[in-house]
Amino acid sequence: MTALLEARDVSKVYSSGSFNRKTTNTALDHLSMIIDDTNPSVTVVAGESGSGKTTLAHLLLGIVQPSSGEIYYRGKAMSVMSGDEHTVFRREVQAIFQDPFEAYNPFHKIDRVLFTPLRKFGMGSSDKERRQMISDAMEMVGLHPEDTLGRYPHQLSGG
């Protein structure tokens with residue numbers, strides 16, 4: 001069994017300051033975890049502000065690189081994946097952050113936020129099919145497309 005995502009002994013240290021006054025901040029220290037794709041589950045990462053939750057998410061999404069250790073996607077180290085493999089990864093592993101003010105452009109309606117990844121990753125054969133995919137997905141999670149589409153991110157609940 002190969003995990004969807006695996007962090008092996010991952011640490012992330014941020015450095016700041018000038019050459020002679022450099023300071024470091026350890027955001028994650030030797031963390032290991034597995035996210036399996038065969039048994040659906042919910043993984044909760046909780047902690048106070050500054051405890052490394054966002055850093056962990058950024059590492060698992062490949063946004064930042066670990067200072068030590070390795071992140072694996074379907075058994076392959078992300079640091080050695082090809083461009084095509086990264087494209088597949090970005091299609092299959094995506095995050096939805098809760099704060100609409102930080103995550104989304106306030107000048108674009110939510111339709112664009114949902115439509116752009118479908119078009120970019122070649123999902124759906126037409127814009128009409130993509131719109132239907134969005135509506136179907138929204139209904140599957142209990143959202144009403146008629147209440148959500150056409151609105152701006154700040155008009156929606158962050159949750």
Side-chain angles (χ1 to χ4, degrees), residues 1-12 14 27-28 31-47 52-159:
M1 171 181 72
T2 301
L4 176 67
L5 283 172
E6 181 178 0
R8 290 188 199 162
D9 198 29
V10 172
S11 295
K12 180 62 180 175
Y14 292 100
L28 286 178
L31 176 116
S32 294
M33 68 178 290
I34 294 174
I35 298 175
D36 187 18
D37 70 342
T38 57
N39 297 315
S41 64
V42 174
T43 301
V44 176
V45 178
K53 301 179 302 290
T54 300
T55 296
L56 173 60
H58 287 169
L59 286 164
L60 293 175
L61 292 168
I63 296 170
V64 297
Q65 300 303 310
S67 302
S68 64
E70 190 71 65
I71 306 290
Y72 294 85
Y73 169 67
R74 298 198 183 275
K76 185 163 188 177
M78 288 180 59
S79 61
V80 298
M81 289 184 353
S82 69
D84 288 342
E85 289 169 322
H86 275 285
T87 298
V88 170
F89 168 78
R90 285 189 292 277
R91 182 182 310 155
E92 293 184 0
V93 178
Q94 297 182 22
I96 300 171
F97 293 100
Q98 188 169 349
D99 183 359
F101 298 105
E102 187 175 315
Y104 304 112
N105 185 330
F107 298 105
H108 296 296
K109 292 182 180 179
I110 197 69
D111 307 48
R112 180 176 173 153
V113 172
L114 299 171
F115 191 83
T116 299
L118 296 178
R119 189 174 349 111
K120 180 176 179 169
F121 290 119
M123 300 171 77
S125 59
S126 67
D127 286 352
K128 182 178 179 180
E129 184 178 350
R130 290 180 190 100
R131 278 190 268 286
Q132 188 60 51
M133 291 170 72
I134 290 168
S135 292
D136 292 346
M138 293 178 80
E139 288 174 3
M140 282 193 298
V141 298
L143 294 174
H144 303 285
E146 64 275 7
D147 296 336
T148 306
L149 298 176
R151 297 176 74 187
Y152 291 94
H154 71 275
Q155 295 175 307
L156 303 174
S157 164

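To the nearest 0.5 angstrom, L114 atom CG is 13.5 Å from H108 atom NE2. Taken from CG in L31 to OG1 in T55, the straight-line distance is 11.0 Å, to the nearest 0.5 Å. Here CD of Q132 is found 13.5 Å from CG of D127. Values are rounded to the nearest 0.5 Å. With rounding to the nearest 0.5 angstrom, the CG atom of D136 is 13.5 Å from the CZ atom of R131. Atoms CD and NZ, from Q65 and K12 in turn, are 7.5 Å apart once rounded to the nearest 0.5 Å. Atom CZ of R119 is separated from atom CZ of R112 by 7.5 Å, given to the nearest 0.5 angstrom.
A distance-only check finds no donor-acceptor pair linking the side chain of D9 to the backbone of G69 [under 3.5 Å]. Side chain of R130 to backbone of F115: no donor-acceptor contact under 3.5 angstrom is found. Looking only at distances, no side-chain donor or acceptor of K76 sits under 3.5 Å from a matching main-chain atom of M81. A donor-acceptor distance shorter than 3.5 angstrom exists from the side chain of R151 to the backbone of D147, with no hydrogens or angles considered.
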D37 vs R74, side chain to side chain contact (heavy atoms under 4.5 Å, CB included): CA-CA, chis, key distance, verdict: CA-CA 9 Å; D37 70 342; R74 298 198 183 275; 2.6 Å; yes
Verdict with reasoning, I34 to Y72, per side chain to side chain contact (heavy atoms under 4.5 Å, CB included): CA-CA 9 Å; I34 294 174; Y72 294 85; over 6 Å; no
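Residues L60 and F89 approach most closely at O-CZ, 3.4 Å, considering heavy atoms. The shortest heavy-atom contact between P106 and Y152 is O-CD2, 3.5 Å. In terms of heavy-atom proximity, A7 sits nearest to I71 at CB-CD1, 3.8 Å. Considering all non-hydrogen atoms of both residues, L28 and G52 come closest at CD2-O, 4.0 Å.
At a cut-off of 3.5 Å, with distance as the only test, no side-chain donor of D84 or S82 sits close to an acceptor on the other residue. A donor-acceptor contact under 3.5 angstrom links the side chains of S79 and E70, judged on distance only.
Y73 pairs in a side chain to side chain contact (heavy atoms under 4.5 Å, CB included) with only one of the listed residues (H86, E85, M78, E6), which is M78.
In the displayed structure, M123 atom CE is contacted under 6.0 Å by at most 12 heavy atoms of other residues, nucleotides or ligands.
Side-chain contact between L149 and S135: present, with at least one pair of heavy atoms (C-beta onward) separated by less than 4.5 Å.
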